[in-house]
**Q** 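Can you read through this structure? Questions will come right after.
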Amino acid sequence: MNLLLILTMLATSASPFYSFNMKTIDGKSFDFEKLKGRKVLIVNTASECGYTPQYKNLELLHQQHPELVILGVPANEFGGQEPGSNEVIANFCKKNYGVSFTMLEKSVVKGEGIHPLFKWLTKEASESLSGDIRWNFEKFLIDEKGQLINRFKSGVDPLGSEIINAIK
């Protein structure tokens with residue numbers, strides 16, 4: 001095979017991102033394949049964290065930028081700040097922040113039992129953006145081709161210029 005053909009095959013192959021499948025917080029199947037061609041912001045969330053009020057700005061971001069898919073993934077690895085069940089978390093998010101963006105099932109995002117999505121995000125997707133999640137509300141931006149293109153620390157405001165500029 002010549003180099004041009006190999007490069008063409010690599011460029012057109014699907015990202016591993018689209019092979020993931022999870023359940024939504026209410027137990028329905030969520031196939032990442034349907035995210036092709038969309039930018040996606042993945043956020044590990046928690047209901048009892050100092051950053052929990054970011055749900056408000058994540059919801060505003062969702063409303064102001066419908067072209068962006070936001071996926072919230074509750075996790076309990078940091079200070080035990082997400083102890084509730086999926087049902088309790090879903091009710092909390094709806095009641096307190098009016099969350100209408102997609103919330104996925106509670107998952108392990110660091111350490112033993114890490115969900116394959118978060119293993120890919122933190123170890124395989126990008127050498128320059130790799131590393132364990134350090135706290136709740138870290139954000140991962142995926143481009144329209146399923147590539148991890150940016151990562152934002154917990155304290156980065158979902159409506160701040162850093163994220164807004166990255167999604168444009």
Side-chain angles (χ1 to χ4, degrees), residues 14-47 49 51-78 81-82 84-94 96-110 113-126 129 132-154 156-160 162-164 166-168:
S15 166
F17 178 70
Y18 300 122
S19 67
F20 293 107
N21 191 305
M22 292 179 74
K23 294 214 180 288
T24 61
I25 203 159
D26 57 355
K28 296 178 183 150
S29 181
F30 187 87
D31 186 355
F32 284 49
E33 178 84 17
K34 69 183 179 181
L35 299 173
K36 282 185 175 178
R38 310 272 312 267
K39 282 189 179 166
V40 180
L41 186 69
I42 301 169
V43 185
N44 69 299
T45 63
S47 301
C49 176
Y51 293 114
T52 300
Q54 285 189 19
Y55 273 125
K56 177 183 177 187
N57 283 354
L58 285 166
E59 180 59 26
L60 288 170
L61 182 65
H62 172 64
Q63 292 173 16
Q64 293 170 6
H65 294 275
E67 74 282 5
L68 176 69
V69 176
I70 298 175
L71 301 176
V73 184
N76 196 39
E77 279 70 62
F78 307 101
Q81 296 179 345
E82 190 58 277
S85 66
N86 285 325
E87 183 179 0
V88 167
I89 296 164
N91 290 336
F92 172 86
C93 290
K94 190 71 168 166
N96 294 295
Y97 297 100
V99 169
S100 64
F101 58 85
T102 302
M103 290 291 293
L104 299 174
E105 66 186 342
K106 187 174 175 179
S107 299
V108 176
V109 301
K110 178 181 177 181
I114 188 171
H115 189 281
L117 170 64
F118 285 90
K119 181 179 179 191
W120 180 77
L121 287 169
T122 61
K123 298 181 183 356
E124 301 165 6
S126 168
L129 298 173
D132 287 343
I133 293 175
R134 297 177 76 186
W135 202 252
N136 302 307
F137 287 87
E138 279 202 31
K139 301 150 197 81
F140 298 84
L141 184 61
I142 309 294
D143 71 9
E144 297 88 346
K145 295 178 182 172
Q147 302 302 311
L148 176 62
I149 58 168
N150 216 324
R151 183 173 174 174
F152 306 95
K153 292 181 180 178
S154 302
V156 175
D157 181 351
L159 289 177
E162 207 175 334
I163 290 181
I164 299 300
I167 64 173
K168 286 185 176 180

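Computed from a prediction, not measured in an experiment: that's the story for all the values here.
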**Q** More than 12 heavy atoms of other residues, nucleotides or ligands under 6.0 Å from CD of Glu124: yes or no?
**A** yes

**Q** Considering non-hydrogen atoms only, spot the tightest contact between Pro16 and Ser19 and give its length.
**A** O-OG, 2.6 Å

**Q** By salt bridge (Lys or Arg N to Asp or Glu O under 4.0 Å), which residues pair with Asp132, not counting sequence neighbours?
**A** Lys123

**Q** Counting distance only, does the side-chain N/O of Asp31 pair as donor-acceptor with the main-chain N or O of Lys34 below 3.5 Å?
**A** no

**Q** Do Leu71 and Leu41 have side chains that approach each other closer than 4.5 Å (heavy atoms only, starting at C-beta)?
**A** no

**Q** Tyr51 versus Asp157: any side-chain heavy-atom pair under 4.5 Å?
**A** no

**Q** Hey, what do you get for CG (Asn150) to CD (Glu162), rounding to the nearest 0.5 Å?
**A** 7.0 Å

**Q** Do Ser154 and Asn136 have side chains that get closer than 4.5 Å, going by heavy atoms?
**A** no

**Q** Are Leu68 and His62 side-chain neighbours, meaning at least one heavy-atom pair lies under 4.5 Å?
**A** no

**Q** Indicate the atoms forming the closest heavy-atom contact of Pro74 with Gly72, along with that distance.
**A** CD-O, 3.8 Å

**Q** In Å, rounded to the nearest 0.5 Å, how long is the span from CG of Asn96 to CZ of Phe92?
**A** 4.5 Å

**Q** Can you tell me if Asn21 and Ser29 form a side-chain donor-acceptor pair at under 3.5 Å?
**A** yes

**Q** How far apart are the closest heavy atoms of Met103 and Val99, and which atoms are they?
**A** CG-CG1, 3.9 Å

**Q** Pair Ile70, Thr102 - check side chain to side chain contact (heavy atoms under 4.5 Å, CB included), show working.
**A** CA-CA 6 Å; Ile70 298 175; Thr102 302; over 6 Å; no

**Q** Quick check for you: to the nearest 0.5 Å, what is the distance between Asn86 atom CG and Glu105 atom CD?
**A** 6.5 Å

**Q** Cation-pi check, Lys36 to Tyr18: give yes when NZ or CZ is under 6.0 Å from the six-membered ring centre and within 45° of the ring axis, no otherwise.
**A** yes

**Q** For a quick test of reading the model, state the closest non-hydrogen atom pair linking Ile149 to Asp143 and the distance between them.
**A** CG2-OD2, 3.5 Å

**Q** Out of the candidates Ile133, Leu121, Val156, only one should pair with Arg151 under the side chain to side chain contact (heavy atoms under 4.5 Å, CB included) rule; please name it.
**A** Ile133

**Q** Taking atom types as modelled, find out whether Gln81 and Asn76 have a side-chain donor-acceptor pair closer than 3.5 angstrom.
**A** no

**Q** Quick one, Phe152 and Phe137 - any side-chain contact, counting heavy atoms below 4.5 Å?
**A** no

**Q** Do Phe78 and Val109 touch side chain to side chain, with heavy atoms closer than 4.5 Å?
**A** yes

**Q** Can you list every salt bridge (Lys or Arg N to Asp or Glu O under 4.0 Å) pair that touches residues 14-29, not counting sequence neighbours?
**A** Asp26-Lys28

**Q** I need the Ser47 OG to Tyr55 OH distance, nearest 0.5 Å.
**A** 4.5 Å

**Q** I'd like to know if the side chain of Lys106 and the backbone of Gly84 have a donor-acceptor N/O pair within less than 3.5 Å.
**A** yes

**Q** List for me each residue that meets salt bridge (Lys or Arg N to Asp or Glu O under 4.0 Å) alongside Lys153, sequence neighbours excluded, and say none if there are none.
**A** none

**Q** Under 4.5 Å between any side-chain heavy atoms of Thr52 and Tyr97, yes or no?
**A** yes

**Q** Leu141 and side chain to side chain contact (heavy atoms under 4.5 Å, CB included): which single residue from Ile167, Ile42, Leu148, Val40 fits?
**A** Ile167

**Q** For Glu144, check side chain to side chain donor-acceptor pair (under 3.5 Å) against everything at least two apart and list the hits.
**A** none

**Q** Using the test side chain to side chain donor-acceptor pair (under 3.5 Å), find all partners of Gln63 that sit at least two apart in sequence or belong to another chain.
**A** Glu59

**Q** Please round to the nearest 0.5 Å and tell me the distance separating atom CD1 of Ile114 and atom NZ of Lys110.
**A** 9.5 Å

**Q** Phe140 and Phe17: aromatic ring centres closer than 6.0 Å?
**A** no

**Q** With a 3.5 Å distance limit and no angle check, can you tell me whether Asn44 reaches the backbone of Glu138 through a side-chain donor-acceptor pair?
**A** yes

**Q** Check Ala46 against Ala75 and note the closest heavy-atom contact, atom names and distance.
**A** CB-O, 4.1 Å

**Q** Could you pull out the closest heavy-atom pair between Pro66 and Arg38, with the gap in Å?
**A** O-NH2, 3.0 Å

**Q** Mark yes or no for whether His65, through its side chain, and Glu67, through its backbone, hold a donor-acceptor pair below 3.5 Å.
**A** no

**Q** How about Ile142 and Phe32: do any of their side-chain heavy atoms sit closer than 4.5 Å?
**A** no

**Q** Using the test salt bridge (Lys or Arg N to Asp or Glu O under 4.0 Å), find all partners of Glu82 that sit at least two apart in sequence or belong to another chain.
**A** none

